[in-house]
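Here is the structure we will look at, set down as structure tokens.
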Amino acid sequence: MTKSSSIAKPLTSPKPKASASKKTKVQADETVTPVVASPDPMVENTHPAEVAELLPLGELDRLAIAAETDKSSKRHDYMRFYEHLLTPYKEKSFSMLELGVGLPSRRAPSLRTWKSFFPKARIVGVDIKGISKSFEEDRIHIEIGDAAKPRFLKRVFRTYQPSVILDDASHFWSHQIIGFQTLFPMLPPGGVYIVEDVHTSFLAQEDGAQYADHEESFWSYFSRLQAALVCAQRHGPELSPQESRLVAWIDSISISRRTVAIVKRQKMRRREVVQADTEPKT
């Protein structure tokens, strides 16, 4: 398989040293009794111990089920996570871009779900299959092209100026990396970039190895950016100037099953940027 050569080579991390301390073993026939603290008679134990449900099944999941998209709780269960993340956009007038329209027989169920959930939004889909163009309707626009081509992605972005981008296209390693490297710098401050089906990064030796079209998986690539973000680029992995600029624009990263969401900062943290003092051209 031809490997993409336009993306930086991965950096290997040293293996952690084995701990010299011995772990305490509990024999299978031993009974471990939990220690329960006796209530303090001086403290009145009447305050309720309420717990908030932070990721409930909500409106977005119901719409997804009705549209029969695999993003609903019936299959991938992405929508609880997305509703928690994207509700601040609910009544905003903005554009949302999704890479990948889906199987023609499903007639763009994801795009129809977003249209229902965001009543003021313009929904844009990108797909390589020409038949997807027939799924356009009021507030749903579809562009036909190759989501692995930066020039095409930039043209689509400049046309629609999306604030939220979701990559559910080919799931190929190089395509996911190219999409993020191309479009995240173009997002406005406060914008959100989501990559779905990141589990394909772990399929190189299993069924689905066709996704491994590059020497570094998306998860390996993105894990380096995440590590650099956590340590504010002071003690983490070595990054290229481009990667350093990307991290300097990341405000937060949220991870759930098979999906990663990145929120863009309001301002770039320039003091973090390594070996560069200018932003990438878009």
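Atom OG1 of residue T113 and atom CG of residue L63 lie 6.5 Å apart, to the nearest 0.5 angstrom. A distance of 10.5 Å separates NZ in K129 from CD1 in I142, rounded to the nearest 0.5 Å. To the nearest 0.5 angstrom, E272 atom CD is 7.5 Å from S244 atom OG. The CZ atom of R122 lies 10.5 Å from the OG atom of S93; values are rounded to the nearest 0.5 Å. Q233 CD to L239 CG: the interatomic distance, rounded to the nearest 0.5 Å, is 5.5 Å. To the nearest 0.5 Å, atom CG of residue L153 and atom CG of residue D146 are 8.0 Å apart.
The 12-atom threshold is not exceeded at NZ of K149, counting heavy atoms of other residues, nucleotides or ligands nearer than 6.0 Å.
Put simply, the side chain of I140 reaches to within 4.5 Å of the side chain of R112, judged on heavy atoms. Annotation: side chain of V126 is in contact with side chain of V156 (closest heavy-atom distance under 4.5 Å). Side-chain contact between S163 and V192 is absent, with no heavy atoms from C-beta onward closer than 4.5 Å.
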From CA spacing to verdict: side chain to side chain contact (heavy atoms under 4.5 Å, CB included), V101, L111: CA-CA 7 Å; V101 171; L111 302 186; 4.2 Å; yes
Working for side chain to side chain contact (heavy atoms under 4.5 Å, CB included), residues L183 and L99: CA-CA 11 Å; L183 294 173; L99 307 181; 4.2 Å; yes
Chi angles and distances behind the side chain to side chain contact (heavy atoms under 4.5 Å, CB included) call for F135, D127: CA-CA 11 Å; F135 305 143; D127 207 277; over 6 Å; no
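With hydrogens and angles left out, the side-chain atoms of D61 and S72 include no donor and acceptor closer than 3.5 Å. A donor and an acceptor atom, one from each side chain of Y160 and E143, are located under 3.5 Å apart. There is a side-chain donor-acceptor pair under 3.5 Å between T259 and Y82.
Taking the six-membered ring for Trp and thresholds of 30 and 60 degrees, F184 and Y193 have ring planes more than 60 degrees apart, a perpendicular arrangement. Using cut-offs of 30° and 60° for the angle between ring planes, the F218 and F222 rings count as parallel.
Under the side chain to side chain contact (heavy atoms under 4.5 Å, CB included) criterion, D197 pairs with H76, Y78, D168, H171, H199, R258, not counting sequence neighbours.
Note on residues 81-98: pairs passing salt bridge (Lys or Arg N to Asp or Glu O under 4.0 Å), not counting sequence neighbours, are E59-K90, K71-E98.
No donor-acceptor pair closer than 3.5 Å links the side chain of K115 to the backbone N or O of E137.
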